[in-house]
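The next block holds one structure in the form of structure tokens; read it before the comments.
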Number of protein chains: 2
Amino acid sequence: MQIATALPGRKRQLTKVFKALSDGTRQEILRLLEGSQRTVGEIVGNFSLSQPTISRHLAVLKEADLVVDQRQGQNVIYRLNDETLSASMRGFFGQFRSCQHSLR
Amino acid sequence: MQIATALPGRKRQLTKVFKALSDGTRQEILRLLEGSQRTVGEIVGNFSLSQPTISRHLAVLKEADLVVDQRQGQNVIYRLNDETLSASMRGFFGQFRSCQHSLR
DNA sequence: GCGACTCATAATCGCTAGGTCATGGGTTCA
DNA sequence: TGAACCCATGACCTAGCGATTATGAGTCGC
């Protein structure tokens, strides 16, 4: 049932999310995906970074559960995981009174 | 007045905030300070880390403008900077439709 | 099956981050 | 003034991060 590790697990997940968000390139990728889902190639085209570098960044975002990937033929399509985004926001910032005012 | 660098500055500031939040110890420190302001010594007492290490973490949080310090006699008191916390939350997560529902 | 295309992974490198101990600077009090 | 206290900073070490090039693994069309 995973009760004992439930809370620490939540914390670790939050830390993973913030680590993922702590890089400017990954923030940009999320913004890009907010527009619409995109293939890896399309994402690479928006940066002056190599394809493997972007691939690593995508792996970090995926590990944090911030994005979801889906193979479609030759391509791999990435899209936002809306659930994790809003859950992380509420989960962390909801702990602070000053933020609760801005949350519903 | 810092207008020209306002937007890139905002992004850099957000990245600094998330870098600060990407460490479990610093997250804990913020939670502690949400309870109430505390001296460095009191904060150190809540962790099994050396005083210099905590001092460094506090410096990172201060550099991100997430906390404010104030000398009081021998002690230095740290407290949350509520403004930065909520502004960062709104500034970043407000970019995503899935989060706008949770924001007011 | 073979080449071409798309993406992920391995190996490597330089830099940053987080930890330590030792020390310095500011403040209080006798 | 000087001892004691509180905190920050310097010097150092190790581990992890972000970047690269080179290569491997799926998938499609011929």
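Note that the structure is predicted; figures quoted are calculated from it, not measured. Throughout, protein chains are lettered first and strands after them, A, B, ... in sequence-line order, and every chain is numbered starting at 1. All values below come from the heavy atoms of this structure, side chains included, with hydrogens, waters and symmetry mates left out.
- Between the CD1 atom of B:Ile54 and the P atom of D:dC7 there is a distance of 12 Å, given to the nearest Å.
- Computed from coordinates, the A:Glu42 CD to C:dT6 C1' distance equals 12 Å when rounded to whole Å.
- A:Leu61 places its CG atom 14 Å from the C1' atom of D:dG18, with the value rounded to the nearest Å.
- Atom OG1 of A:Thr25 sits about 6.5 Å away from atom CD1 of A:Ile54, to the nearest 0.5 Å.
- In terms of modelled atom types and a separation under 3.5 Å, the side chain of B:Arg79 and the main chain of B:Val68 share no donor-acceptor contact.
- Using cut-offs of 30° and 60° on the angle between ring planes, the pair A:Phe93 and B:Phe93 is perpendicular.
- Whole-Å rounding puts the A:Arg38 CZ to C:dT6 P distance at 17 Å.
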Please write out each protein N/O paired with an N/O of nucleotides 19-21 of chain D under 3.5 Å, distance rounded to 0.1 Å.
unit_1	atom_1	unit_2	atom_2	d
D:dA19	OP2	A:His57	NE2	2.3
D:dT20	OP2	A:Ser50	N	3.1
D:dT20	OP2	A:Ser50	OG	2.7
D:dT20	OP2	A:Thr53	OG1	2.5

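- Following rounding to the nearest Å, B:Glu63 (CD) and D:dT9 (C1') show an atom-to-atom distance of 15 Å.
- Other residues, nucleotides and ligands contribute at most 12 non-hydrogen atoms within 6.0 Å of the NZ atom of A:Lys62.
- Interatomic distance, CZ of A:Phe18 versus NZ of B:Lys19, reported as 14.0 Å (0.5 Å rounding).
- For residues 70-82 of chain A, proximity to DNA chain C is found at A:Gln74, A:Asn75, A:Val76, A:Tyr78, defined as any non-hydrogen atom under 4.0 angstrom from a strand atom.
- A salt bridge (Lys or Arg N to Asp or Glu O under 4.0 Å) check over residues 87-104 of chain A, counting only residues at least two apart or in different chains, returns the pairs A:Arg97-B:Glu34.
- Taking atom CG on B:Leu21 and atom C1' on C:dA17, their separation rounds to 16 Å, with Å as the unit.
- Listed for the B:Arg71 side chain is no donor-acceptor partner under 3.5 Å among the backbone atoms of B:Val76.
- Counting heavy atoms of neighbouring residues, nucleotides and ligands inside a 6.0 Å radius, atom CD of A:Gln100 exceeds 12 of them.
- At whole-Å resolution of the value, CD1 in B:Ile29 and C1' in D:dC7 are 14 Å apart.
- Counting heavy atoms of neighbouring residues, nucleotides and ligands inside a 6.0 Å radius, atom CD of B:Gln95 exceeds 12 of them.
- One atom, CG of B:Asp69, and another, P of D:dT9, lie 10 Å apart when rounded to the nearest Å.
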